[in-house]
Amino acid sequence: MNYVGEITGVGSFLPPKAVTNFDLEKLLNTNDEWIQQRTGIVKRHWVENNVSTSDLAYEASIEAIKNAGISNTDIDMIIFATLSPDHDFPGTGCFLQAKLEVPNITVLDIRQQCSGFLYGLSIADKFIRTGEHKNILLVGAEIHSKGLDKTPEGRDVSVLFGDGAGAVVISAKEATGDSSQSQIISCALHADGSFAKELWLPGPGNAFNSDSRCSKEMIDEGLHYPKMNGRNVFIHAVKRMAETLSQTLAKNKLKIDDVDLFLFHQANIRINEKVAEVMQIPADKIFNTIQDYGNTTAATIPIGMNDAIKAGKLKKGMTVGMAAFGSGFTWASGVLRY
Ligand code: COA
């Protein structure tokens with residue numbers, strides 16, 4: 001029997017505390033006008049101290065599983081994408097698994113940063129097509145707020161990121177051969193590690209001439225805060241997102257007109273506007289959430305998916321185009337019929 005993977009349930013969770021640009025003005029020597037003009041961000045959500053990444057993931061997962069009309073115990077694999085795990089090891093997928101009370105199933109943690117959701121979607125699609133798994137829970141979840149430099153020195157990075165989680169259930173369906181069947185149609189995954197240090201978190205880590213992966217010197221130097229070459233990231237993001245999405249559409253003989261909705265990674269509204277300009281995508285076909293949540297990295301696409309469903313912009317049978325770009329550099333695109 002041949003199987004395809006259909007997204008049968010979507011969920012998301014944003015921690016209740018909203019942090020506006022005006023709130024950041026008090027910490028970062030920044031201002032609302034600068035942030036809005038350069039990024040489109042108005043506010044983001046930050047967790048309280050006692051909340052972990054797997055806590056956010058749990059809330060999103062519960063909603064996705066409920067919307068799929070199944071129980072936790074019907075999940076036979078978890079794929080967890082995050083760059084901000086609960087702990088260095090084990091992966092956050094295991095902590096989520098324990099919270100969901102689904103022992104003995106397959107759990108796979110992946111990184112891939114802002115492209116993590118699309119990498120996970122492609123992996124899930126392959127596992128479904130082998131017939132080995134029936135209901136895969138794919139989660140993207142991040143807590144950035146605990147890792148940001150909240151002093152004026154960190155302002156270029158710290159205004160961009162927010163906390164949140166998104167989840168989807170991908171279920172195996174017998175392939176009918178009908179082109180209108182709901183399914184993950186195609187994904188393309190890319191990376192270029194020669195740009196790894198253009199957007200990265202140096203410490204803690206083993207690539208230091210030190211007998212400890214976490215030293216006081218490292219912290220004194222601020223190496224535990226993310227570092228970014230914003231301009232280079234911007235230029236490559238526009239180029240690569242447009243390139244990979246155009247290739248994926250062409251490979252599947254789809255034109256912009258055939259796509260009902262575009263869900264792009266949410267790093268900067270200007271990146272998405274440029275991609276739309278290059279690809280000649282009408283603005284009303286792109287669903288953005290960055291104004292409310294900032295960049296939630298692996299969570300942006302599933303959060304956008306859930307918001308689009310709730311806003312009536314994403315309905316069953318629609319064709320969706322997706323693209324993401326981030327640290328690595330990694331980038332990816334995908335097309336699905338919802
Ligand atoms: N608030 C106020 N001023 C700020 C600031 C902040 N948060 N951050 C930087 N600035 C200042 C800079 O110090 C600089 O001042 P100067 O002209 O006196 O030297 C000025 O603003 C311009 O900085 P610059 O870095 O050239 O701005 P930019 O137009 O490149 O925009 C980003 C900066 C970060 C918004 C933009 O580069 C970007 O979005 N890049 C992509 C980042 C991204 O998407 N990362 C995640 C990828 S997944």
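Note that ligands are numbered from 1 as they come in the structure, with each ligand's atoms numbered from 1 the same way. In what follows, every heavy atom counts, from backbone to side chain, and hydrogens, waters and symmetry copies are set aside. Not measured: the values here are computed from a predicted model.
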Next item on the list: Please write down residue, atom name and distance for the protein heavy atom closest to atom 48 (S) of ligand 1.
Entry: Cys114 SG, 3.0 Å
Next item on the list: Report, in ascending order of atom number, the atoms of ligand 1 lying under 4.0 Å from any heavy atom of Asn295.
Entry: 46 (C), 48 (S)
Notebook entry, point to check: How long is the span from the OG atom in Ser61 to the CD1 atom in Ile78, to the nearest 0.5 Å?
Noted result: 7.0 Å
Margin query: Out of all atoms in ligand 1, which are within 4.0 Å of some heavy atom of Asp156? Include the element for each.
Written below: 8 (N)
Notebook entry, point to check: When you measure from atom 13 (O) of ligand 1 to every protein heavy atom, which one gives the shortest distance, and what is it?
Noted result: Arg155 NH2, 3.0 Å
Item checked: Identity and separation of the nearest protein heavy atom to atom 34 (C) of ligand 1 -> Met228 CE, 3.8 Å
Return a table of donor-acceptor pairs under 3.5 angstrom between the side chains of residues 196-203 and protein atoms on other chains or two or more places apart.
from	atom 1	to	atom 2	distance (Å)
Glu198	OE1	Asn229	ND2	3.0
Glu198	OE1	Asn232	ND2	2.5
Trp200	NE1	Lys197	O	3.3

Notebook entry, point to check: Given the protein's heavy atoms, is any one of them under 4.0 Å from atom 40 (N) of ligand 1?
Noted result: yes
Margin query: For Val320, run the side chain to side chain contact (heavy atoms under 4.5 Å, CB included) check against Asp260, Leu314, Val335 and tell me which one passes.
Written below: Leu314
Next item on the list: Report, in ascending order of atom number, the atoms of ligand 1 lying under 4.0 Å from any heavy atom of His265.
Entry: 48 (S)
Item checked: Contact bool for atom 7 (N) of ligand 1 (protein heavy atom, d < 4.0 Å) -> yes
Check: Which residue and non-hydrogen atom of the protein lie closest to atom 28 (P) of ligand 1, and at what distance in Å?
Finding: Arg38 NH1, 3.4 Å
Next item on the list: In plain terms, say whether Asp307 and Lys313 are close enough for a salt bridge, that is, a side-chain N and a carboxylate O under 4.0 Å apart.
Entry: no
Checklist line | Under-4.0 Å protein heavy-atom contact, atom 22 (C) of ligand 1 | finding: yes
Check: Taking atom CG of Asp292 and atom NE2 of His45, what is their separation to the nearest 0.5 Å?
Finding: 6.5 Å
Next item on the list: Can you spot which of Thr300, Thr296, Asn288 makes a side-chain hydrogen bond (donor to acceptor under 3.5 Å, both in side chains) with Gln266?
Entry: Asn288
Note to self: So if I count the atoms of ligand 1 from 1 in the order they appear, which ones are less than 4.0 Å from some heavy atom of Val159?
What the structure shows: 7 (N)
Note to self: Applying a heavy-atom cut-off of 4.0 Å, say which part of Gln113 lies close to ligand 1: side chain, backbone, both or neither.
What the structure shows: neither
Check: Looking at Leu199, which atoms of ligand 1 are within less than 4.0 Å of one of its heavy atoms?
Finding: 46 (C), 47 (C)
Check: Do Arg44 and Glu142 sit within salt-bridge range, that is, some charged N less than 4.0 Å from a carboxylate O?
Finding: no
Check: In the protein, which heavy atom is nearest to atom 30 (O) of ligand 1, and how far is it?
Finding: Arg231 CG, 3.4 Å
Notebook entry, point to check: Under 4.0 Å from atom 44 (O) of ligand 1, do we find at least one protein heavy atom?
Noted result: yes
Note to self: Under 4.0 Å from atom 15 (O) of ligand 1, can you find at least one protein heavy atom?
What the structure shows: no
Notebook entry, point to check: Got a protein heavy atom sitting under 4.0 Å from atom 10 (N) of ligand 1?
Noted result: yes
Note to self: Against ligand 1, does Ile271 come closer than 4.0 Å with any heavy atom?
What the structure shows: yes
Notebook entry, point to check: For ligand 1, which atoms have a heavy atom of Phe325 less than 4.0 angstrom away?
Noted result: 48 (S)
Next item on the list: Considering only non-hydrogen protein atoms, determine which one is nearest to atom 33 (C) of ligand 1 and report residue, atom name and distance to 0.1 Å.
Entry: Trp34 CH2, 3.8 Å
